[in-house]
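Scroll down for the structure; my scribbles are underneath it.
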2 protein chains.
Amino acid sequence: MHVLDGSGNTDMAVTIRDVAKAAGVSASTVSRAFSNSELVDPRTRELVLRAAEQLGYLPNRAARGLITGRTGNLGLIVPDLANPFFPEVVKGIQARAREADYSVFLSDTDEDPSAELGLVKALAKQVDGIILCSPRMSADDMREAADCSTLVVVNRRGSNIPAITIDNVDGMRQAVAHLAALGHRRIGYVAGPRSSWSNRERQRGVRTAVAAEDAELVEIGNVPPQFEGGVAAADLVIAADVTAVIAYNDLIALGLLTRLAARGVDVPGELSVVGIDDIPMSAMFSPALTTVSIPKAQCGRAAVELLLQQLATPGVRASSRREVPAQLLVRDTTAVALPTGRGAH
Amino acid sequence: MHVLDGSGNTDMAVTIRDVAKAAGVSASTVSRAFSNSELVDPRTRELVLRAAEQLGYLPNRAARGLITGRTGNLGLIVPDLANPFFPEVVKGIQARAREADYSVFLSDTDEDPSAELGLVKALAKQVDGIILCSPRMSADDMREAADCSTLVVVNRRGSNIPAITIDNVDGMRQAVAHLAALGHRRIGYVAGPRSSWSNRERQRGVRTAVAAEDAELVEIGNVPPQFEGGVAAADLVIAADVTAVIAYNDLIALGLLTRLAARGVDVPGELSVVGIDDIPMSAMFSPALTTVSIPKAQCGRAAVELLLQQLATPGVRASSRREVPAQLLVRDTTAVALPTGRGAH
DNA sequence: CAGCAGCATGCAATCGTTTTCATCGATGTG
DNA sequence: CACATCGATGAAAACGATTGCATGCTGCTG
């Protein structure tokens, strides 16, 4: 026998009317006691709250949502939760949402861009707004999605939709400045997927920064943003005869590190490597990866913030956006360039 | 201007009555056309479906839930999404839930056991059932939680609650048999948190298996189940004078590997290391970690399966459980034991 | 003392569905 | 031909909450 909640009903819902009866008031008063607390006598309110407490009453959000039109739910769509970049973002979203008393619906598209729009539509009716993380869908689909629900996108910009982005250009500037200061004059960039907005941004940032430092840039193929992509790119990097390389993300950088070690290339002695993202793994590798860190949880919180703001000022499809800073984290994969530059041995 | 959905309403909901009007039938018929399809004339049904399609109608789940008592939602509570073990499980849950046309509410407790019960209560009204991943709460709290909602727990057993567990004992048997076959006679086990049910299971499994192989077991302190825990434990392992060590999880094993390398201990030459979990990182390390792999996505799917089953047979609080197999994955951190055993150099 | 302002509360309609019950033709049978 | 049967459909009552409106009470003012 467990301790029951006074009434003895283990599963049947206790409604607003039960509370009303227990407190000797009407249902409306109970409702008011919970929301517009100003319109009800403080004493009555206290009475109601106590009765509710005792009965273990919790408002039924679905019923409330039906009439108010607001569900208190948020949708969240990510391409792949197994990608170590996303869990931290999701945690940030979750945490901030809970603070604002919102619940979060999570959907993982498994990297299928064509599933994204469908999920938005399916979710639209059950939520007040949707956060799209690094969406892969087309710009047309984005517009259509925006017509279904209040949207905020993370890690992409365009279609006049409120967005949280990362200051990739500045991040790249920091990375390149760091390398240049170490004497590197010929720098490689291992590009991620061509279709990725982030990749284009980072590529742009690297180009600008390298030009500003008066150094030379070698762009190395588009590879999938995974460990294997880095493994595959390593030989190209060696052949490119650079003294330092920046990878589109940490996973690629880690792949590089592994293959470079296998090829007998000393990092950072012969070659410096810089990643982007700062996924937890990067600190655990040896040598620990120098990387451009992105405040992932902060991105998540900011996305919720922006969504809440959109929700609060309805009708205003203002194209608000927010850019979070990136920050270079120097660890053990970058060092001064080899004095002679190349071919030494 | 975007293509609108025929009616021109970008945000206002299209209800069952709109469809009814458009199809020239009553609301009841539309409802039936969507659910109990048998009670409606196939031709009428076709008509309704076409009208709904054209208007872009999607049933409002909240309204439906209000009357049926079933929400079509599932709750999911995890201790820490940033722990690389969980994302895969969550993906499995998500995928299976979507197949069954359920949506998933995600909550992350940030490793705070005292938050778990509160989240269960908050979620209970909005979902048909809740999946608790590796819950840290007390047994009493578990019982109370089970009174709030239909529950399935993953990675823990007890309180007569349906559970998905891993066959830790067999996993340990495989690991120990592998090591014994390589000639190891003195084996270490680096224990995880004392409060963890999994740790107790694994410890028990190792003891049994080591005894069965007639080898010697050295148990090494309880450490936090993180990389840092492994780093800290490495020196104890060296001092324990074993030729092989099994860690409570991969994160600890990876920490061991890192610190052992720093101490100049050759793995697997001088010491073999086995992890548990098979997190993605483990394959990327060098040397790649030999580990007892757990089918994480399958755990997730099984949990949903079990929950759905509980939901289908209401009232039957049968203590169903399901155990998924673990499987040893031999990679590069295990090798034959040093011939002389210890102190060699 | 009458009248009125203003506050606290209750009544009832409503949100978008499902579901029970009744209705209405059409069909089959004695 | 009349009556029971049956299948398809519609009308209306729920589900649990919110909210505009009406009501009753208190207390103040002229």
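Residue numbers start from 1 in every chain, and the chains themselves are labelled A, B, ... in the order their sequence lines are given, proteins ahead of strands. As the structure is a computational prediction, the values presented were derived from the model and not from experiment. The figures that follow rest on heavy atoms only: side chains count, while hydrogens, waters and symmetry mates do not.
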What I want to find out is whether B:D101 reaches B:R61 closely enough, with some N-O distance under 4.0 Å, to be called a salt bridge. yes
Would you say CD of B:E53 has more than 12 non-hydrogen atoms from neighbouring residues, nucleotides or ligands within 6.0 angstrom? no
Indicate yes or no: at least one non-hydrogen side-chain atom of A:D128 is less than 4.5 angstrom from one of A:L74. no
More than 12 non-hydrogen atoms from neighbouring residues, nucleotides or ligands closer than 6.0 Å to NZ on A:K125, yes or no? yes
Over how many whole Å does the gap from B:K125 atom NZ to D:dC15 atom P extend? 15 Å
Rounded interatomic separation in angstrom, taking CD from B:E46 and P from D:dA8: 16 Å
Roughly how many Å is it from CG in B:L58 to C1' in C:dT17, rounded to a whole number? 14 Å
In whole Å, I'd like the distance from the CD1 atom of B:I67 to the P atom of C:dC15. 15 Å
Whole-Å gap separating P (C:dC7) and CZ (A:R45): 17 Å
Whole angstrom value for the distance that separates C1' of D:dC15 from CD1 of B:I16: 15 Å
Side-chain N,O (A:S26) to OP1/OP2 (C:dG10) below 4.0 Å: yes
Remember a base hit wins even if backbone is also touched, and classify B:R32 as base, sugar-phosphate or nothing at under 4.0 Å, heavy atoms. base
For B:S28, answer base if it contacts any base atom (sugar-phosphate contacts may also be present), sugar-phosphate if it contacts only those atoms, and nothing otherwise; contact means non-hydrogen atoms under 4.0 Å. base
Min side-chain heavy-atom separation B:M142-B:I161 under 4.5 Å: yes
Between B:V25 and A:F34, which has a closest nucleotide on DNA chain D that is more 5'? B:V25
Taking 4.0 Å as the cut-off, does a side-chain nitrogen or oxygen of B:S31 come that near to OP1 or OP2 on C:dT18? yes
N or O in side chain of B:T29 less than 4.0 angstrom from D:dG10 OP1/OP2: yes
Using whole Å, report how far CD of A:E38 lies from P of C:dA8. 10 Å
Hey, which of these two, B:V40 or A:R17, hits DNA chain D nearer its 5' end, going by closest nucleotide? B:V40
Whole angstrom value for the distance that separates P of C:dT14 from CG of B:L66: 17 Å
Do the side-chain N or O atoms of A:T44 get closer than 4.0 angstrom to the phosphate oxygens (OP1, OP2) of C:dT9? yes
Once you apply a heavy-atom cut-off of 4.0 Å, does A:Y57 come out as touching a base, just sugar-phosphate, or nothing? sugar-phosphate
